[in-house]
Structure formats: structure tokens, C-alpha cells
Amino acid sequence: MRTEICHLADGEGKTASLAGWVANKRTGKGLVFLELRDGSGFCQCVVDENNVNPEVFEAAKKAGLATSLRLEGEVVKDDRQVGGYELQVQKVEVLQFVEDYPISNKAHGVDFLLEKRHLWLRSKRQWAVMRIRSRTKFAIHQFFQDRGFIQTDSPIFTGNACEGTTTLFATDFYGEEAFLSQSGQLYAEATAMALGKVYTFGPTFRAEKSKTRRHLSEFWMIEPEMAFYDLDMNMDLIEEFIRYIVTDIYTTHRAELEVLGRDLTLFENIGTTFPRITYDEAVEILHGKRDVNGENALETLEKDLEAVKQGIADRKKDIEEREAAIAAGGMKKGKVNFNRNKIDTLKNEVKDLEEKERNIPQWLESARTFQHGADLGGSDETIITRLFNTPVMVYKWPKDIKAFYMKRDEEDDNYVKGVDCLAPEGFGEIVGGAEREDSLELLEQRIKEHDLPMEAFEWYLDLRKYGSVPHAGFGLGFERMVMWLTNVPHIRETIPFPRYYGRLFP
RNA sequence: UCCUCCAUAGCUCAGUUGGUUAGAGCGGUUGACUGUUAAUCAAUAGGUCCCUGGUUCGAGUCCAGGUGGGGGAGCCA
């Protein structure tokens, strides 16, 4: 009977048989330490020359990374181990020897790792990310299902290019031009009028040639849509939703967050009410005319710049000192290696900081000269969220920069009842939502203003002809959410096989 | 589409004002070591310096063009 590593604790003091792959190996005289992974977890297995026959010991000694094997032995409590237990091996059965596994436990570049994505998934950090991704998906379904939402799927093939074709993937649909869906929102509105509260959860496609750490060509989106909801109810739901997901991951996946070295401040603050500010207030913050909790956005950013400069100086000094120490000689080889690796790490940190040093003055400039009526850029979001330690909601946006389907603000025609939820730690937008325009006339007018083809929206306009009601909804980029939760540097790490400009394989 | 940085061993990188036979660490291999946590130590194999052209007595290094990639802007989730 095979035991999964995650259940090892139940078998303490007993014999267990494990099956898995070698994740790492260390050897000593008469001893081999195999770090085994089986998907459910990691466990150190000790092969002692005295406890096994010579062939078994030789096999263990030769097993390279990714060697697949079955092991049998006694489960022993050992506080030095990550899971608290190790296996004193008695039997080894090698399924396949490997000696040239391409991914080592040392540093690799992102491009190399993505070239080997099918293997990279086996490493510990990716293991943790994929488990959090899975749980997040589950938690999202649970949240909505518990609250009486019905999941409805929107089509992936769409016939008309509503908002321009440049960001759409064109494909052939029985001789007709079809596009891969960019959003299921309009369809969710239709199903909400049938089922009350709905959500979609499916893939979306954007043909943007974006090479940034925040973009994918294929990603998953959650789009809830609720009949009889207004903007305030929408914001309440967004807040409750995000708090639920964060709390769930915090309580169920602490070990994975630790593997990732995630700073847990975010998770601890999530109980605090999310501030809600209007777009106008956000602009005042950007202009430095409105402080938050006594903090001025521009001053804070200037302080950040000083900190960055200091960080660069500190690291450069550190590098020099380490290089001098190595050059002086007399250092043990292990220590030299350690210092060399540290220097590499520091150099990369300096590169990142120098990039920041170049960017911050531009951010400051762009914040100071921000024109009321423009959309918030990435840096503007960073500046605003920097002042908060919880997500922030920005609502009441100028109508010209928002989608045609957003409901106009009754108090001021120039605004619409949209809301963006910005994640803290400089992360930026994770949710975009709105109360929808429910008046047929105003909707038609907005379609004309946006220069969109009226005939493409005939079915959508039917929703406003036959029993139109106030309703609202929002969209959440699933990978963005996972990226924020795990704090991995790149969105490409949050999906098993990322698709983006230049990457179709593996 | 624009700005910016990069391309040297399987991987991560160094390579000085252009100069003899291009280096290190990791990983691989062989060996040493009885408790390692990226173990350590010794030995060893491993190179079309991205491509094309140019300057030069001489190019990994300089110049031009190309290709591929990183980061950012725009746009967005």
C-alpha cells in the first residue's frame, strides 16, 4: 500500500512505502539522503549502507534528479526536516534512472525555464504556485455557489468584433470569420436576466503583443453578474469576495505560502474595510493635494526613491567587499561559492533597483501632470495603492475612458458607475466592474458615441427591451489574482502552460 | 508600434584601452567523507563567443544590419 507523503505523519514508527521522484540528493560515506517528492509533498529519505543490501545502496547513490523510484522504510519523526518526518529506507526499487536532468537546484533564467516548462512544473516553488492556483479556483466556485450564484458559460467563438479587431485572435468558423472571446460579460448579462445571480469562469484571449510580467495571450476570467444590484452592492460583493479568497488561501495553504516566502502582511490585513475613493479623489492623491492617513503620495514616492538609491549603494558596497574578500585569498571553496552566488544575486537586485531609480522620477512627473479625465496608468495605480495596506476601490469614473455599457452617474452625466479594485503592495488592478446601463435609449446613444456597429448589439439591446432591470457585475483576471496571492514575479508562473507573444510551446 | 537592456560551456555568469592556447561556479562523470538540508573536498570531460557583413596586421571585444530574448510605455485583466 503506497503512502502519500502528505499523510506520512499518520504512519509514525511504522513501515511505509513511498513512490516518487528524486528532488535533490546529498551523499556522505555510507549514507545517501534522497529528497523525494510525490506530488503531495516532499520528504527526506535516508539510505544507510548498514540497513540495505549493497545493490540497493549503489542504486540510491547513482540516482540523479528526477529518477523515479519506490522506497520502503520506517517513518521517523525528525524536527530538522521540513515536514517533520523522514524515511529510514529499507528497500529501493528504481523505476527509471536519470542522470542528466536539465533543471538543477541552482539559478536559471526565465526563458530557459519556460522552454522547459513541462519539467519546471516539478520544482518546489511551481508546486506551491499550482496548488494555490487550484485552491483559488475551488474557493471562487465555493464562494459563489454558497451564495446562490449559478455558473453559466459564455461562448469562446464570437461572431462580431465589438471593440476593434487588433486585440482579437481571428479564426475560421465554417467559412465565416470568428474571433476568440475577449470577455464573456455581455453573455453573463443575458444569463443573469434568466437566472438572477450568475458567474462565468472561462478562458479569454487577447492578441496584444505585450511583453510584460502582467500579460498573457490566454488567461482565465471570472465574471459575476447580478440582477437588481447597484454599484454599492457590487462593491460590497467585490470586497467580500476578495476577503474570502485571501482568507481561504491563508488558512488552507500556509505551507505553500512559506515555500514561496510570501510576506503575510496582506493576509493579516484583509479583515480591514477596503477604502473606497472616487476617481476625482484618486486624481487629487496623484497631484499630492490629498493625503491618506497623513501620508502624501508624492512625498512617499520621493522617499521611496531615496530608499532605492540607498539600496543600490548598499548593495554595490556589499559586492565590492565580497569581491575583495575573494581576491584576498585564503577563503574556503565553499565560502567562495557562497559569496559568488550572493554577488550574482546582488547584481540582479541592483539591476532591478536601477530600473526603479530610472522609473520613479517619470512616475512622479506623470502623477504631477496627470490630466483629469485620463485613465490611471500602471504607475499611477502603484502610487495610490502604496498608501494603503488593503485593496482600494476607485469608483465613479469619467465616462469617456470607460466601456459603453457602464451606467451613467445620475448626479453627473460625465461620470459612469464603474469601479476598479486595486491590490496593495504596488500590485494594481485586479478587478474591474460596474453597474450596467439599463436604459435602452442611453445604451444606444453610448454605442453610437463609441462608434460601435449597432447591428452587432441587437441581441444585447433586447435585454434592455424586455424587462430591463438595474444590474451590476465585475471581472476578475484569475492569473492576476494568483499572482497577487503568491507574489511570484511573473504572471507566466501562475498558469501551467502560459501562452503569450512568442510562446506557443511547450 | 515606441523606448531601453541583453545574447560567451547543459545552466548562471566573468572576460580590462582590440593582442598568444577564452575562464569560474553550478550541473555531468570518477573518487573521498557516517546526519546532509543549494552539503563539502579532490580530479575530469565539456566552446560554431547568436547570424551576416565591415573596420583592422589582428575582433568574444569596435561599427552596421538582422534574429532571438528580458524590462517598460501604450492597451489592459
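Quick note on labels: first sequence line is chain A, next is B, and so on, each numbered from 1.
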- Item | Intermediate values then yes/no, ring-ring contact (aromatic ring centres under 6.0 Å, His included), A:W120 and A:F112 | CA-CA 10 Å; A:W120 186 24; A:F112 172 78; 9.6 Å; no
- Note on the structure: Note: contacts of residues 218-226 of chain A with RNA chain B (heavy atom, under 4.0 Å) are A:F219, A:M221
- Message: Assuming nearest nucleotide by heavy-atom distance, tell me which of A:G377 and A:D48 is located more 5' along RNA chain B.
- Response: A:D48
- Message: With nearest nucleotide decided by heavy atoms, which residue, A:S379 or A:F33, maps closer to the 5′ end of RNA chain B?
- Response: A:F33
Could you go over nucleotides 28-31 of chain B and give all protein N or O partners under 3.5 Å, atom names and distances?
from  : atom 1 : to    : atom 2 : distance (Å)
B:G28 : O3'    : A:E99 : O      : 3.4
B:U29 : OP1    : A:E99 : OE1    : 3.4

Taking atom [atom2] of [N] as reference, at what distance in whole Å does atom [atom1] of [X] sit?
X      : N     : atom1 : atom2 : value
A:R26  : B:G27 : CZ    : P     : 12 Å
A:W397 : B:C76 : CH2   : C1'   : 12 Å
A:D420 : B:C76 : CG    : C1'   : 10 Å
A:E381 : B:A73 : CD    : P     : 10 Å
A:D400 : B:C75 : CG    : P     : 14 Å
A:H215 : B:G74 : NE2   : P     : 10 Å
A:E479 : B:C76 : CD    : C1'   : 14 Å
A:R80  : B:U36 : CZ    : C1'   : 9 Å

- Message: Check this for me, if you would: do A:R503 and A:E115 make a salt bridge, where the nitrogen-to-carboxylate-oxygen distance has to be below 4.0 angstrom?
- Response: yes
- Salt bridge or not for A:D236 and A:R276, using N-O below 4.0 Å? yes
- Would you say the side chain of A:L216 lies within less than 4.5 Å of the side chain of A:E218, judging by non-hydrogen atoms? no
Between the protein and nucleotides 6-11 of chain B, are there any N/O to N/O pairs under 3.5 Å, and if so, what are the atom names and distances?
from  : atom 1 : to     : atom 2 : distance (Å)
B:C11 : O2'    : A:A107 : O      : 3.0
B:C11 : O2'    : A:H108 : ND1    : 2.6

Side chains of residues 484-492 of chain A: which donor-acceptor partners sit under 3.5 Å, not counting sequence neighbours?
from   : atom 1 : to     : atom 2 : distance (Å)
A:T486 : OG1    : A:V482 : O      : 2.7
A:T486 : OG1    : A:M483 : O      : 3.4
A:T486 : OG1    : A:V488 : N      : 3.4
A:H490 : ND1    : A:R492 : N      : 3.2

With rounding to whole Å, what would you report as the distance between [N] and [M] at their [atom1] atoms?
N     : M     : atom1 : answer
B:G60 : B:U21 : C1'   : 15 Å
B:A9  : B:C50 : C1'   : 15 Å
B:U67 : B:U52 : C1'   : 10 Å
B:A14 : B:G23 : C1'   : 7 Å
B:G58 : B:G72 : C1'   : 40 Å
B:C5  : B:A22 : C1'   : 24 Å
B:C62 : B:U17 : P     : 10 Å
B:C63 : B:U44 : P     : 39 Å

- Message: A:F57: which residues meet the ring pair (Phe, Tyr, Trp, His ring centres under 6.0 Å) condition with it, sequence neighbours left out?
- Response: none
- Message: Using the side-chain heavy atoms of A:T27, tell me which of these nucleotides is nearest: B:G35, B:A32, B:A38.
- Response: B:A32
- Query: Any idea which of B:A38, B:C76, B:G35 is nearest the A:D375 side chain?
  - Reply: B:C76
- Message: So, using side-chain hydrogen bond (donor to acceptor under 3.5 Å, both in side chains) as the criterion, who are the partners of A:E258 when residues are at least two apart?
- Response: none
- Message: Please encode protein proximity along nucleotides 66-72 of chain B as a string of B, S and -, counting only heavy-atom distances under 4.0 Å.
- Response: ---SBSB
With a 6.0 Å cut-off (strictly less than), is the heavy-atom count around [atom1] of [X], excluding the residue itself, greater than 12?
X     : atom1 : answer
A:K77 : NZ    : yes
A:F97 : CZ    : yes
A:K91 : NZ    : no

- Task: Quick one: the dot-bracket string of RNA chain B, using Watson-Crick and G-U wobble pairs with both distances under 3.5 Å, [ ] for crossing pairs and | for bases paired to another strand.
- Result: (((((((..((((.....[...)))).(((((.......))))).....(((((..]....))))))))))))....
- Query: Do A:Y501 and A:H215 make the cut of ring centroids closer than 6.0 angstrom?
  - Reply: no
If the condition is salt bridge (Lys or Arg N to Asp or Glu O under 4.0 Å), which residues does [X] pass it with, not counting sequence neighbours?
X      : value
A:K62  : A:E58
A:E429 : none
A:R37  : none

- Could you tell me whether A:E86 contacts a base, only the sugar-phosphate backbone, or nothing, with contacts defined as non-hydrogen atoms closer than 4.0 Å? base
- Answer with base, sugar-phosphate or nothing: what part of the nucleic acid does A:G30 contact at a heavy-atom distance below 4.0 Å? nothing
- Message: For B:U36, does the base pair up with any side-chain atom of A:Q81 as donor and acceptor (N or O, under 3.5 Å, distance only)?
- Response: yes
- Item | Whether A:F241 and A:F474 hold their rings parallel, tilted or perpendicular, with breakpoints at 30° and 60° | tilted
- Stepwise ring-ring contact (aromatic ring centres under 6.0 Å, His included) check, A:F478 with A:F201: CA-CA 9 Å; A:F478 181 58; A:F201 196 154; 5.3 Å; yes
- OP1 or OP2 of B:U36 less than 4.0 angstrom from a side-chain nitrogen or oxygen of A:N24, does that happen here? no
- Query: When you look at A:F497 and A:H118, which way does the ring-ring contact (aromatic ring centres under 6.0 Å, His included) test go after all the steps?
  - Reply: CA-CA 8 Å; A:F497 294 96; A:H118 50 295; 7.6 Å; no
- Message: Among residues at least two apart in sequence or on other chains, which ones pass side chain to side chain contact (heavy atoms under 4.5 Å, CB included) with A:T382?
- Response: A:W363
